[in-house]
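From a predicted model like this one, the values you see are computed outputs, not experimental measurements. Along the sequence shown, residues are numbered consecutively beginning with 1.
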Amino acid sequence: MAGPTPGDGWRPRLVALDIDGTLLKWVDGSGTTHEEVAPAVRAAVQRALDAGAHVVLASGRSVHSMTPVAELLGLRGQPTPDGDDRLWVVASNGAVLTRWAPLEIVHEETFDAREAVRAVLEHHPGALVAVEDRNGGGYHVNAPFPPGELDGELRVTELDTMVAEPVSRVIIRDPEATAEDFVALGARLGLQGTDYVVGWTAWLDLTPVGVHKASGLAHVCEALGLTAADVLAIGDGRNDVEMLAWAGRGVAMGQAVEAVREAADAVTDTVADDGAAVELDRWFG
């Protein structure tokens with residue numbers, strides 16, 4: 001592990017923060033998180049803002065479930081070269097870039113998900129499938145998901161209809177499988193023309209090739225006149241690997257799996273011990 005340290009004179013100009021497992025603590029025994037921010041984390045984020053850093057939320061969540069977290073944090077944007085001080089939000093693992101508030105979709109990447117979904121369902125025919133409905137503030141699903149795993153209104157829809165048009169992301173969830181099952185499946189299938197990331201449970205996100213949190217953040221940096229070298233990124237999941245490797249300083253949460261820790265420059269404390277605040281206070285404390 002390497003990367004800058006406080007003694008080097010480097011200081012982040014942009015802070016990219018994952019949400020679940022980084023800002024929000026996990027609910028024991030569940031695939032969901034507490035929708036509350038620890039006081040230490042909120043205070044540390046405020047110190048970064050007060051110091052003039054751009055704070056960007058970067059998550060696999062959909063846009064409509066990220067803005068409430070921004071409100072919990074008291075996030076505000078820093079002025080950009082064109083005078084726009086709305087907050088940047090990198091949603092859907094980098095496929096959707098927004099400014100808030102008011103909410104504006106700045107950039108969206110889409111792909112034809114039909115063949116990838118078909119290939120996965122051949123191996124997991126009972127899996128649940130969801131596609132974000134940004135206009136409706138929820139998801140189209142082929143069947144109800146376990147309570148608390150998706151935000152917003154869930155609209156049961158025929159699978160062929162859900163993926164008939166290009167989409168920004170597809171979620172595939174099999175409550176009867178494990179994360180390791182999906183890791184092995186992704187490697188076995190290859191999923192041509194599609195990138196994928198496996199969550200903590202048997203949760204598979206299908207995304208356009210080359211689209212991830214790092215690619216979304218690169219768009220943000222370009223708009224702000226910054227580079228990856230200016231970025232401090234903190235995350236805990238497999239969908240944070242590219243972001244942590246790309247950032248000038250990438251930091252894994254203490255509970256992250258080994259693949260995430262290996263991509264990072266450093267490892268902070270766990271989310272239960274407010275690891276994001278510990279890292280932020282190295283630079284803004």
**Q.** Steps toward side chain to side chain contact (heavy atoms under 4.5 Å, CB included) verdict (I171, L204)
**A.** CA-CA 6 Å; I171 299 167; L204 184 69; over 6 Å; no
Q) Does anything in residues 45-93 pair up under ring-ring contact (aromatic ring centres under 6.0 Å, His included), and if so which pairs, sequence neighbours excluded? A) H64-Y139
Q: Answer yes if the side chains of W100 and E104 hold a donor-acceptor pair under 3.5 Å, and no otherwise.
A: no
Q. Hey, what do you get for CD (Q46) to CZ (R42), rounding to the nearest 0.5 Å?
A. 5.0 Å
Q. Has E35 got more than 12 heavy atoms of other residues, nucleotides or ligands less than 6.0 Å from its CD?
A. yes
Q) Do S92 and E132 have side-chain N/O donor and acceptor atoms under 3.5 Å apart? A) yes
Q) Are any of the side-chain heavy atoms of E115 and L191 separated by less than 4.5 Å? A) no
(Q) Restricting to ring pair (Phe, Tyr, Trp, His ring centres under 6.0 Å), what partner residues turn up for H124, sequence neighbours left out? (A) F182
Q: Verify the distance criterion only: is there a donor paired with an acceptor across the side chains of D20 and T33 at less than 3.5 Å?
A: yes
**Q.** V120 vs L189 side-chain heavy atoms within contact, under 4.5 Å
**A.** yes
Q.
Regarding D205 and W203, do their side chains bring together a donor and an acceptor under 3.5 Å, going by distance alone?
A. yes
Q | D8 atom CG, over 12 foreign heavy atoms within 6.0 Å | A | yes
Q. Is atom CD of E122 surrounded by more than 12 heavy atoms (other residues, nucleotides or ligands) closer than 6.0 Å?
A. yes
Q.
Rounded to the nearest 0.5 Å, what separates atom NE2 in H212 from atom CG in D240?
A. 12.0 Å
Q. Got a sec: does the CD of E158 have more than 12 other heavy atoms crowding it under 6.0 Å?
A. no
**Q.** Pairwise distance CG(N93) to CD(E109) - rounded to 0.5 angstrom
**A.** 13.0 Å
Q: Side-chain contact test, heavy atoms from C-beta onward, threshold under 4.5 Å: evaluate it for V170 versus T207 and give yes or no.
A: no
Q. Does the side chain of R13 come under 3.5 Å of the side chain of Q78 through a donor N or O and an acceptor N or O?
A. no
Q. Considering the options V45, D274, L24, which one meets the side chain to side chain contact (heavy atoms under 4.5 Å, CB included) requirement together with V37?
A. L24
Q) Does a side-chain heavy-atom distance below 4.5 Å link R99 with D84? A) yes
